[in-house]
Amino acid sequence: MKRKLFAIVLAFAAAVCLAVGLSACALFGGDEQHTHTMTYHPAVEATCTENGSPEYWSCSGCGKNFADKDGTRELTSVVVNATGHSWGDWAVTTEADCEIEGERTRTCARCQATERETIDALGHSWGGWTNEGDVHARTCENCGNEDRQAHTFSEGFCSVCGEPELELWNAGTYYIVTGLGHSDGSNVVIPSEYNGIKVSVIYTRAFNEEPSLESIYIPASIQAIGESAFWGSANLKTVTFEEGSLLTSIGNNAFQRCTSLEEIALGDYVQEIKSFAFADCSSLKKVTLGSSVTEIGFRAFAGTPVTEITIPESLQLLGGSAFVGCDELALINYNAVNAQMIEGESNPFDGAGENTDGVKIVIGDKTEVLPDKLFSWTNIAEIQFGSSLKTIGEYAFNRCGEYITEFTIPASVTTIGAYAFTNCSVLESVTIEGSPTIGNNAFYECAALREIDLGGATEIGESAFRGCTALTQITIPGSVTVIGEDAFYGCEELASVAIGDGTQTISSSAFFNCRKLSEVTLGEGLLTIEGYAFNNCRALKTLTIPASVTKIERAAFSGVSFGSVIFKQPSGWTEVATGEAVARSVLSEPASAAEYISGYNPEIVRGV
């Protein structure tokens with residue numbers, strides 16, 4: 001059966017070869033031959049981009065390719081590779097410039113195909129930046145085009161061209177800030193130097209009424225801020241002084257009406273804060289003064305809601321109304337050693353604390369002088385005196401408000417100035433621990449004053465307690481040599497007076513109109529009772545005149561109806577007007593002596 005099948009296949013192959021009529025070829029790789037069935041392929045010429053082929057014949061029976069029709073020269077490949085272009089040189093068709101790309105072409109010598117290629121733009125060759133006012137500019141060295149750009153500021157200078165953000169004026173050895181310059185005015189940084197020269201001054205009105213100004217950084221190099229430098233910059237909220245600030249002076253009205261400013265902390269170099277410097281800053285609640293401040297000018301912080309203030313030891317001059325209208329002020333730490341009021345000016349803390357429960361005042365232990373008018377018209381709730389205080393100036397506590405009811409004046413105090421406590425309307429008690437002089441009108445019109453301990457006071461000035469209508473009794477220590485004129489004038493509730501042995505003179509009208517005065521003890525060292533000393537003391541019925549008295553002036557007891565007056569030394573008296581001796585018998589009897597000196601009696605003196 002296998003032999004029969006093989007014979008059939010062999011016969012079929014032979015028939016195919018015979019039918020084609022071509023050269024014989026091996027069939028299926030064996031030794032047996034077959035006749036090729038050839039197909040002719042003409043030559044195809046290769047181009048620059050496409051392959052060609054040679055002339056050849058292919059057998060459809062065996063699939064082979066031959067260089068001849070007889071199939072004797074077999075070909076392994078019938079592909080003639082593409083030749084590729086034969087390019088000429090590049091030729092520029094469009095020149096490139098600084099900003100626009102160019103183009104070049106080349107052509108194939110065989111097929112005339114054209115290739116195009118982009119030439120990169122050259123790019124500008126810029127020169128350096130120059131300042132052109134609100135912009136900086138530069139020029140291309142290739143094309144001459146100009147590039148102009150707005151300044152980009154960082155820390156006070158343009159980061160591109162170095163131009164300062166602010167207007168600076170060269171004063172020779174330093175620069176002065178004169179205005180915003182190129183700045184938009186919102187967050188301003190003042191440079192510390194420019195071109196190697198320090199920036200030292202902010203000029204008058206440099207930032208006056210700048211509505212966009214919100215914050216400013218002031219470098220340590222600034223030594224002075226000029227008059228009205230920031231006046232009316234209503235949106236200025238933050239002022240930052242660089243650590244180590246050398247600022248010594250803040251000019252008149254410098255920050256006045258900066259109504260958004262909430263806090264100011266001045267460096268230790270600041271010495272002068274001039275008039276109205278921070279006045280009407282209606283949001284300014286916190287103020288920190290440095291340790292070198294020597295002057296606070298007139299109304300420097302007037303109308304601000306500052307809640308507490310510490311006055312440094314260094315202060316020498318304090319302007320009137322410096323803190324007037326500071327309604328929220330609740331604490332004053334006063335440490336100035338020996339400050340004085342600027343001449344002719346008014347109360348520094350006038351009206352302070354009106355919207356609080358009064359102001360607490362703490363006087364530092366190094367403070368020696370409270371200057372004139374210091375706390376006049378201040379709503380004082382509490383006061384702590386320091387251990388070194390010597391002088392309470394004139395009007396220092398005048399009209400001290402409706403809260404404080406007592407004062408204890410420390411032993412260190414040697415002088416209580418004129419009008420020092422006048423019109424302290426709720427003051428009820430005063431204790432003097434030392435030996436001061438009490439100036440004229442010192443406690444004038446303290447209508448609620450009921451008790452006073454004069455301690456070792458050495459002098460009671462004119463009208464010192466005039467109008468103290470609640471005072472019921474007083475002891476004048478022997479250290480007081482003179483009771484001043486009108487000293488207790490109009491003390492209508494005063495019922496008892498004891499005068500020490502050291503007192504030599506009761507001055508004119510000293511107890512004028514003390515209508516309830518019924519008990520008077522005169523010291524043994526008394527020399528003179530001046531005219532009207534006890535005028536209209538209607539309750540006074542008895543009196544003993546010490547032997548030391550040598551003069552009783554005319555009308556010393558006018559308006560008094562004595563029942564009994566005892567002259568311890570009734571002899572040797574003479575009427576000044578007539579020069580006639582007063583009969584001893586008149587002054588020896590209490591009744592006749594009382595009648596003699598009552599009313600508008602003449603001045604009498606006694607020889608020694």
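Quick caveat, the model's predicted, so the values are computed rather than measured. As a basis for the values below, the full set of heavy atoms in this structure was taken, side chains included, without hydrogen atoms, waters or symmetry mates.
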Side-chain donor-acceptor distances from residues 520-528 under 3.5 Å, at least two apart:
| from | atom 1 | to | atom 2 | distance (Å) |
| --- | --- | --- | --- | --- |
| E524 | OE2 | K568 | NZ | 3.0 |

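- A side-chain hydrogen bond (donor to acceptor under 3.5 Å, both in side chains) check over residues 293-302, counting only residues at least two apart or in different chains, returns the pairs K274-E295.
- The side-chain heavy atoms of V199 and I176, taken from C-beta on, include no pair separated by under 4.5 Å.
- Note on residues 427-438: pairs passing side-chain hydrogen bond (donor to acceptor under 3.5 Å, both in side chains), not counting sequence neighbours, are E428-R450.
- By the side-chain hydrogen bond (donor to acceptor under 3.5 Å, both in side chains) test, D372 pairs with no residue at all, sequence neighbours left out.
- For the residue pair C424 and C400, the shortest heavy atom distance occurs at SG-SG, 2.5 Å.
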List, one per line, each side-chain donor-acceptor pair under 3.5 Å for residues 380-389, sequence neighbours excluded.
| from | atom 1 | to | atom 2 | distance (Å) |
| --- | --- | --- | --- | --- |
| E382 | OE2 | Q384 | NE2 | 3.2 |
| S388 | OG | D365 | O | 2.5 |

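- With sequence neighbours excluded, the residues satisfying ring-ring contact (aromatic ring centres under 6.0 Å, His included) with Y489 are F512.
- Under the side-chain contact (heavy atoms from CB on, under 4.5 Å) criterion, S275 pairs with N252, F298, sequence neighbours left out.
- The minimum heavy-atom distance between I190 and I222, with the atom names listed, is CG2-CD1, 4.3 Å.
- Remark: K285 engages P305 in a side-chain contact (heavy atoms from CB on, under 4.5 Å) (not counting sequence neighbours).
- Of the listed residues (T475, I476, V480), just one forms a side chain to side chain contact (heavy atoms under 4.5 Å, CB included) with I499, and that residue is I476.
- Within the structure, side-chain hydrogen bond (donor to acceptor under 3.5 Å, both in side chains) pairs that include any residue of residues 403-421 comprise Y419-N441 (at least two apart or interchain).
- Under the rule for a side-chain hydrogen bond (donor to acceptor under 3.5 Å, both in side chains), S479 has no partner lying at least two apart in sequence or in another chain.
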Output side-chain donor-acceptor pairs under 3.5 Å for residues 232-244, partner residues at least two apart or in another chain, one line each.
| from | atom 1 | to | atom 2 | distance (Å) |
| --- | --- | --- | --- | --- |
| S233 | OG | F207 | O | 2.8 |
| S233 | OG | E210 | N | 3.3 |
| S233 | OG | F230 | O | 3.4 |
| N235 | ND2 | P211 | O | 2.6 |
| E242 | OE1 | A220 | N | 2.7 |

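- The aromatic rings of F301 and F323 sit parallel to each other, their planes meeting at less than 30°, with 60° as the upper class boundary.
- For the pair T378 (side chain) and F349 (backbone), a donor-acceptor distance under 3.5 Å is present.
- Evaluation of the side-chain hydrogen bond (donor to acceptor under 3.5 Å, both in side chains) test over residues 302-318, restricted to residues two or more places apart or in two chains, returns T310-N333.
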